Amino acid sequence: MARTPLIDPVLADLDVRLRAALVAAGLPEADPDLEKPKQADHGDWATTVALRLAGPARRKPREIAQLVVDHLDVPEVVAEVSIAGPGFVNVRFAHRYHEDLVRRVLTEGTRYGHSQVPATERRHVNVEFVSANPTGPLHVGAGRWAATGDAIAELLSATGHQVTREYYVNDAGEQIRLFGESLVLVATGGELTEEHYRGHAIVEVAEQLRATHGQELFAVQPEDDGEAGRAARVGVLGVEAMRQRIQDGLHAMGVDFDVWFSEREGLHETGAIEATIAELTERGEAYEAEGALFLRTAEHGDDKDRVLRRSDGRPTYFAADCAYLRDKWSRADQLYYLLGADHHGYVDRLKAAAACLGVPPERVEIRIGQLVNLLRGGEPVRMSKRAGETIDLDEVLEEVGSDVVRYHFLRQGLDTTVDFDLAVVAAQSMENPVYYVQYAHARIASVLRNADERGFDPGEGDDADLSLLTHPAELALLTAMAGLPLVVAEAAELRATQRLARYAEELAGTFHRFYTECRILAPASGDADAPGAEVAEDPALGRARYHLAVAAKQVLANALALLRVSAPERM
RNA sequence: GCCCCCGUAGCUCAGUGGAUAGAGCACCGGCCUCCGGAGCCGGAAGCGUAGGUUCGAUUCCUACCGGGGGUGCCA
């Protein structure tokens, strides 16, 4: 199990003290493993170390817990240490901890929630995602990979890793010739067969090419050396045009890649594929059989050996995969692949390829996401590329907006199949959880505007008497706000965007409850019985709540920023 | 056949060894002379089945049942 990252200095200190207590009590060494209790009244943090030591120490858990507590050098920020249940050691912070937190959030601003993994775990992570074939527009399902890959990249970056967002463009091989042939047929009024690409985007790209290069582009040229050459020539241009459309569409969603890696330019034309095959052969990982060249992937966990070079001498697509992996490894030290479930068969061979190339398997991380069911009013929408019936990501983005699309995908784990119902997402969009979170942010912004208009003087955050924040709703909000750094660290570690999304929802809810129960600005009426009169009576309380709200707004904004969802001032 | 994913509230999903399993939607009942009711409070409702590991299992293992996807010298 991954240890809870002790990125919070207070927790790190507590961790050290707990370890010291174990030693002082003559108990076996163990990881204190601090965790957050589900129940708020169990305290701020808890450790199960006594439960886990019961076996090795051959004593009752509660006795061990008592020993730990007796030997613990309790730090100043801890108000109370108690033993509960079968042997939990619960820790409750002093109020000062919460006061410090508000100041910390205000000081760190947009950086609050970010952290640094230990230097030994810091990586340059190449995050490859989407990588859909540039032979057609992106469909809605690709939005899931776009949103997820982008947020993962953001999380990794926020935890101290260096990140490269990369899109692999499959712009080589048979499909490009076929794509070019499709364009030629569309442009010259020829008849498309079953195997050809079609759809409105193909027509548009054909028209675009005609507008740029003229109709003669689609005629066989002397240098084409026949119709296949013409198809390839047109295909290269068409693919680039389609790729640009994809790039623009992703940009509209706020997803921008650092590297658009062309298979043709980066692997075929540079000779990288041949070089990779040569290296694999040199390493003794390849062998000839039946006229073809095989890679010994079966020795590294794959079902069977895979062909690198066909008997006719052409390298396989898999050979390009190997070359690409090798190229990425020369530019990064951790490779993250985000693939759809339709590619799960690639996992073993890709990891085997890495092993054959001498890349440590743990540095090649392949995540499989389940596919997206596109529905309209509960009825499945066919996503057949051939018939051109796909629903483009662009259309959906235009209809419901990037925030809704991104959040819808990010709040669910990768291994659940996501239903994307256009009717639900578009028509009932006000019920989308993303609005719940954004509303909390906009609501705070609204209060701050009102305060400004009324000439409310909040003073400096440092001067505010934050010790006045003792209402249960205030304490709950403070506790929730304190959670962001750990949530970010865990979400990054687990590559689990839904952790952060659910946290944001929880935080928003905590704020809404605070807002309902605790008035920030005194009511305009001055009525002593009006709700919020306590604020009018104690202006210092109003100032403290004001700074709490500012800090809460910051935390919400930071959580949304990591998901790359907007945090609006107004809705 | 083999491989992967899923099965938690009526529905959509959180919860990757700990205490009383959480949200949203839907349903029932409350809350605006007051900072945004896109909100808040309360109610009813659940871990597919059977074993195993463990002090402790929704979580890990095995089998079974149910649903989804994959399985090419295609690209």
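To find a chain, count down the sequence lines: A is the first, B the second, and so on, and within it residues start at 1. Quantities reported herein were computed from a predicted structural model and do not represent experimental measurements.
- Ranking B:A38, B:C35, B:C6 by closeness to the A:Tyr515 side chain, first place goes to B:C35.
- Not counting sequence neighbours, A:Asp41 has no partner by the salt bridge (charged side-chain N to carboxylate O under 4.0 Å, His left out) test.
- With the nearest nucleotide of RNA chain B identified for both A:His344 and A:Ser311, A:His344 has the one nearer the 5' end.
- Between the side chains of A:Gln175 and A:Asn133, at least one donor N or O lies within less than 3.5 Å of an accepting N or O.
- When ring centroids are compared, A:Tyr168 and A:Tyr324 come within the 6.0 Å threshold.
- A:Asn170 comes within 4.0 angstrom of no nucleic acid atom, judged by non-hydrogen atoms across all strands.
- Using a 4.0 Å heavy-atom criterion, one finds that A:His512 contacts the sugar-phosphate atoms exclusively.
- Listed by chain and number, the residues in a ring-ring contact (aromatic ring centres under 6.0 Å, His included) with A:His343 are A:Tyr346 (sequence neighbours excluded).
- Dashed line: the shortest gap from a side-chain N or O of A:Gln370 to OP1 or OP2 of B:G70 is not under 4.0 Å.
- For RNA chain B, the neighbouring residues in residues 174-184 of chain A, judged by any heavy atom under 4.0 Å, are A:Glu174, A:Gln175.
- For A:Arg499, a side-chain nitrogen or oxygen approaches OP1 or OP2 of B:U16 to under 4.0 Å.
- The pair A:Arg309-A:Glu274 meets the salt-bridge criterion, with a side-chain N (NZ, NE, NH1 or NH2) lying under 4.0 Å from an Asp/Glu carboxylate O.
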message: Please evaluate residues A:Phe88 and A:His42 with respect to the criterion ring-ring contact (aromatic ring centres under 6.0 Å, His included), reporting the C-alpha separation (whole Å), side-chain torsions for both, the decisive distance (0.1 Å), and the verdict.
response: CA-CA 9 Å; A:Phe88 292 93; A:His42 287 140; 7.4 Å; no
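- Between A:Tyr436 and the phosphate of B:C40, there is a side-chain N or O to OP1/OP2 separation shorter than 4.0 Å.
- B:C61 takes the anti form, because its glycosidic angle lies more than 90° either side of 0.
- Remark: A:Arg52 engages no residue in a salt bridge (charged side-chain N to carboxylate O under 4.0 Å, His left out) (not counting sequence neighbours).
- Contact between the side-chain N/O atoms of A:Thr316 and the OP1/OP2 oxygens of B:G72 is not found at any separation under 4.0 Å.
- Residue A:Gly413 is classed as a sugar-phosphate contact, given heavy-atom separations below 4.0 Å to backbone atoms only.
- At the heavy-atom level, A:Arg62 lies nowhere under 4.0 Å from the strands shown.
- Positionally, the nearest nucleotide of RNA chain B for A:Ile368 lies more toward the 5' end than for the other of A:Arg314 and A:Ile368.
- If you take atom C1' in B:G52 and the same atom in B:G56, they sit 15 Å apart, rounded to whole Å.
- With a 3.5 Å limit on both pairing distances and Watson-Crick or G-U wobble geometry required, the stems of 3 or more pairs in RNA chain B span B:1-7 with B:65-71, B:10-13 with B:22-25, B:27-31 with B:39-43, B:48-52 with B:60-64.
- Here, B:G39 and B:C25 have their C1' atoms 16 Å apart, quoted to the whole Å.
- When each of B:G72, B:C13, B:C35 is scored by its nearest atom to the side-chain atoms of A:Ile520, the top-ranked nucleotide is B:C35.
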What's touching nucleotides 18-21 of chain B from the protein side, N or O pairs under 3.5 Å?
| unit_1 | atom_1 | unit_2 | atom_2 | d |
| --- | --- | --- | --- | --- |
| B:A19 | OP2 | A:Lys38 | NZ | 2.9 |
| B:A19 | N6 | A:Asn90 | OD1 | 2.9 |
| B:A19 | N1 | A:Asn90 | OD1 | 3.2 |
| B:A19 | N1 | A:Asn90 | ND2 | 3.0 |

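- Counting atom types as modelled, A:Tyr346 pairs a side-chain N or O with a base atom of B:C74 as donor and acceptor under 3.5 Å.
- Not a single salt bridge (charged side-chain N to carboxylate O under 4.0 Å, His left out) links A:Lys351 to another residue, sequence neighbours left out.
- By the side chain to side chain donor-acceptor pair (under 3.5 Å) test, A:Glu128 pairs with A:Ser131, A:Lys328, sequence neighbours left out.
- When each of B:C73, B:A38, B:G70 is scored by its nearest atom to the side-chain atoms of A:Asp342, the top-ranked nucleotide is B:G70.
- Considering only residues two or more places apart in sequence or on other chains, A:Glu299 meets the side chain to side chain donor-acceptor pair (under 3.5 Å) condition with none of them.
- At B:G15, none of the side-chain N or O atoms of A:Arg502 fall inside 4.0 Å of OP1 or OP2 (strictly under the cut-off).
- Contacts of A:Ala54 with the nucleic acid, taken as non-hydrogen atoms under 4.0 Å apart, are absent.
- Distance check, rounded to the nearest 0.5 Å: CZ of A:Arg144 to CZ of A:Phe129 gives 14.5 Å.
- For B:C73, the OP1/OP2 oxygens have a side-chain nitrogen or oxygen of A:Lys304 closer than 4.0 Å.
- Within the nucleic acid shown, A:Ser446 comes within 4.0 Å of at least one base atom, counting heavy atoms only.
- Pairs engaging residues 410-421 of chain A under the salt bridge (charged side-chain N to carboxylate O under 4.0 Å, His left out) rule: A:Arg411-A:Glu505 [sequence neighbours left out].
- For A:Asp302, the side chain to side chain donor-acceptor pair (under 3.5 Å) test picks out A:Thr297, A:Arg306, with sequence neighbours left out.
- Put simply, A:Asn450 has a side-chain N or O that comes within less than 4.0 Å of OP1 or OP2 on B:G36.
- Side-chain proximity of A:Arg449 to the nucleotides B:G36, B:A14, B:C73 is greatest for B:G36.
- Nearest to the side-chain atoms of A:Val307 among the listed nucleotides B:G68, B:C73, B:G39 stands B:C73.
- With sequence neighbours left out, the side chain to side chain donor-acceptor pair (under 3.5 Å) criterion links A:His512 to A:Arg443.
- In this structure, A:Arg349 reaches the B:G72 phosphate: one of its side-chain N or O atoms is under 4.0 Å from OP1 or OP2.
- Heavy atoms of A:Glu290 sit under 4.0 angstrom from at least one base atom.
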